Amino acid sequence: MKYNPHRKALTVEITDLHAASNDLMASIHYIRKLNGMPLIGYSAEEKSTANIDDTAEYCILQAAKSLGIDLGVKRPGELDVRKYA
């Protein structure tokens with residue numbers, strides 16, 4: 001992110017947003033891996049109790065949303081994060 005004093009605006013490079021989204025997805029990958037959760041994703045029926053990995057994943061999804069990054073899911077567990085390691 002860079003500040004342009006002439007326009008009084010922040011600009012974010014696409015490559016920076018791409019790197020941020022990859023880092024967020026990798027974080028979800030490692031949270032799931034450490035907790036023995038499927039990397040391919042799972043449905044609400046497969047995971048009926050919320051625990052720390054769901055909470056952490058939810059926070060990461062919210063952080064992405066706050067940054068304007070659409071990861072394409074609404075709830076924890078829906079992402080396929082196999083390739084983010």
Side-chain angles (χ1 to χ4, degrees):
M1 184 178 331
K2 294 181 175 70
Y3 176 68
N4 182 325
H6 304 290
R7 294 177 29 198
K8 296 182 181 176
L10 292 172
T11 57
V12 180
E13 299 291 327
I14 294 295
T15 54
D16 293 342
L17 284 175
H18 182 71
S21 66
N22 280 338
D23 290 342
L24 293 168
M25 297 285 273
S27 298
I28 293 170
H29 172 98
Y30 289 115
I31 288 168
R32 286 195 196 163
K33 191 172 183 176
L34 287 170
N35 287 289
M37 300 303 298
L39 299 178
I40 193 168
Y42 50 91
S43 67
E45 294 78 33
E46 293 174 300
K47 180 97 169 102
S48 60
T49 59
N51 58 23
I52 192 65
D53 55 310
D54 285 335
T55 304
E57 188 169 331
Y58 174 80
C59 292
I60 291 169
L61 294 174
Q62 288 302 109
K65 183 178 177 182
S66 296
L67 292 170
I69 299 172
D70 181 4
L71 296 177
V73 299
K74 299 277 188 229
R75 63 164 197 82
E78 293 181 330
L79 288 169
D80 179 347
V81 292
R82 289 176 288 179
K83 68 178 184 176
Y84 299 93

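From a predicted model like this one, the values you see are computed outputs, not experimental measurements.
- Scanning for side chain to side chain contact (heavy atoms under 4.5 Å, CB included) contacts around Leu34 gives an empty result, with sequence neighbours left out.
- Atoms OG1 and CE, on Thr11 and Met1 in that order, are 9.0 Å from each other to the nearest 0.5 Å.
- Using a 4.5 Å cut-off between side-chain heavy atoms of Ile, Leu, Val, Met, Phe, Trp and Tyr, with links allowed through other members, Tyr30 and Val73 fall into different hydrophobic clusters.
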List the atom pairs, donor and acceptor, that lie under 3.5 Å between side-chain atoms in residues 76-85 and the rest of the protein, sequence neighbours left out.
| unit_1 | atom_1 | unit_2 | atom_2 | d |
| --- | --- | --- | --- | --- |
| Glu78 | OE1 | Lys74 | N | 2.9 |
| Glu78 | OE1 | Arg75 | N | 3.4 |
| Asp80 | OD1 | Arg82 | N | 3.2 |
| Asp80 | OD1 | Arg82 | NE | 2.9 |
| Asp80 | OD2 | Arg82 | NE | 3.2 |
| Asp80 | OD2 | Arg82 | NH2 | 2.4 |

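- Sorted by first and then second residue, the salt bridge (Lys or Arg N to Asp or Glu O under 4.0 Å) pairs with a member in residues 5-23 form an empty list; sequence neighbours excluded.
- For residues 58-68, no pair satisfies salt bridge (Lys or Arg N to Asp or Glu O under 4.0 Å), with sequence neighbours left out.
- In this structure, Ile69 CD1 and Ser21 OG are separated by 5.5 Å, a value rounded to the nearest 0.5 Å.
- A distance of 3.5 Å separates CD1 of Ile60 from CD1 of Ile31, quoted to the nearest 0.5 Å.
- Between the CG atom in Leu61 and the CG atom in Asp70 there is a gap of 10.5 Å [rounded to 0.5 Å].
- Under a hydrophobic clustering in which Ile, Leu, Val, Met, Phe, Trp and Tyr are joined whenever their side-chain heavy atoms come within less than 4.5 Å, directly or via other members, Tyr58 and Ile28 fall into different clusters.
- Sorted by first and then second residue, the salt bridge (Lys or Arg N to Asp or Glu O under 4.0 Å) pairs involving residues 24-38 (not counting sequence neighbours) are Arg32-Glu57.
- Here Ile14 pairs with nothing under the side chain to side chain contact (heavy atoms under 4.5 Å, CB included) rule; sequence neighbours left out.
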